[in-house]
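Below you'll find the structure, written out as structure tokens, and then a few comments.
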Amino acid sequence: MKFNPDMLRVYFIGGTQNIGGDKAKFIEQLTTACQSGITMFQYREKGKGALVGQERLELGQTVRDITKQYGVPLIVDDDLALARAIDADGIHVGQSDTPIQEIVKQADGMIVGLSVHDPNELMNSGDLTGVDYIGVGPIYATNSKDDAKQPIGLDGLFTMNQATLKPIVAIGGIHEDNVDAVLKHSVSGVAVISDIMQSKNIPLTIKHLKGEA
Ligand code: 3NM
């Protein structure tokens, strides 16, 4: 699938560990989010309580079916083999041991996203040819990632914006009540876990995240 920065506008991320291990509730929230206008989904079954092996694969296949039904591009977190197995549209990686250039080579036409915390990490990532977008964060404190780094705040986001021409999606601790300030920082969009996963009114949450409500 060809990447378009509009896909970053409301980028929902998650796995069952973000909703107390409740698979049915996860599927329900994802389905409602797809119906309500998310522009991309990242399957991130990772961290304490996450599914592994066959269960992780099977849920991934269900996620593929749902996202396909609603035309939502599907990215897989940090696992190229799983991305291939469920026919995902892309792969997202952090600052892992595998150089990003190697990931781009292996991704073979998939969308490629890279997480970057600060300009230093950006510089150390080397040649970013073939990387479609950069995830920058955490902007604010987050409870959804065990090994999250120090929040960079809006100043950090501004600095990152100066440092790259790649489309940026801001991530980490972004909610309906602080999204407007983030959207003023020339980002292509925001990526969230808890704001949508825990929402009781997903259509309204998504409106807020788009800066429309
Ligand atoms: N990556 P929430 S922060 C998956 O800084 C992830 O790279 C981050 O969850 C990074 O929207 C984060 O609930 C968690 O804060 C985002």
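Please read all numbers here as calculations on a predicted model, not as lab measurements. Read the numbers this way: they start at 1 and go in the same order the structure lists the ligands and their atoms.
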Looking at ligand 1, does [X] have a heavy atom less than 4.0 Å from it?
| X | answer |
| --- | --- |
| Ile171 | yes |
| Asp195 | no |
| His175 | no |

List every atom of ligand 1 that sits less than 4.0 Å from any heavy atom of [X], numbering the atoms from 1 in the order shown and giving each element.
| X | answer |
| --- | --- |
| Thr142 | 2 (P), 9 (O), 13 (O), 14 (C), 15 (O), 16 (C) |
| Gly172 | 3 (S), 15 (O) |
| Ser194 | 2 (P), 11 (O), 13 (O) |
| Gly173 | 2 (P), 15 (O) |
| Ser144 | 2 (P), 9 (O), 13 (O), 14 (C) |
| Gly137 | 5 (O) |

Considering heavy atoms of the protein only, find what lies nearest to atom 1 (N) of ligand 1 and give residue, atom and distance to 0.1 Å.
Lys145 CD, 3.3 Å
Short N/O distance, under 3.5 Å, between Pro138 and ligand 1?
yes
State whether [X] and [Y] are salt-bridged, where the test is any N-O pair (Lys NZ or Arg NE/NH1/NH2 against Asp/Glu carboxylate O) under 4.0 Å.
| X | Y | value |
| --- | --- | --- |
| Lys2 | Asp89 | no |
| Lys48 | Asp146 | no |
| Asp118 | Lys149 | no |

Once you restrict to heavy atoms under 4.0 Å, what part of His117 touches ligand 1? Side chain, backbone, both or neither.
neither
At a non-hydrogen distance cut-off of under 4.0 Å, which region of Ile193 contacts ligand 1 (side chain, backbone, both, or neither)?
both
Check whether any side-chain heavy atom of Val72 sits under 4.5 Å from a side-chain heavy atom of Thr39, and report yes or no.
no
Heavy-atom nearest pair, His208 first then Val179, reads O-CG1, 3.4 Å
Can Tyr133 be reached from Ile152 by stepping across I, L, V, M, F, W or Y side chains whose heavy atoms are under 4.5 Å apart?
no
Nearest-0.5 Å distance, CG of residue Asp127 to CD of residue Gln101
5.5 Å
Nearest 0.5 Å, please: how far is OG1 in Thr62 from CG in Leu30?
10.0 Å
Asp177 atom CG: more than 12 heavy-atom contacts under 6.0 Å
yes
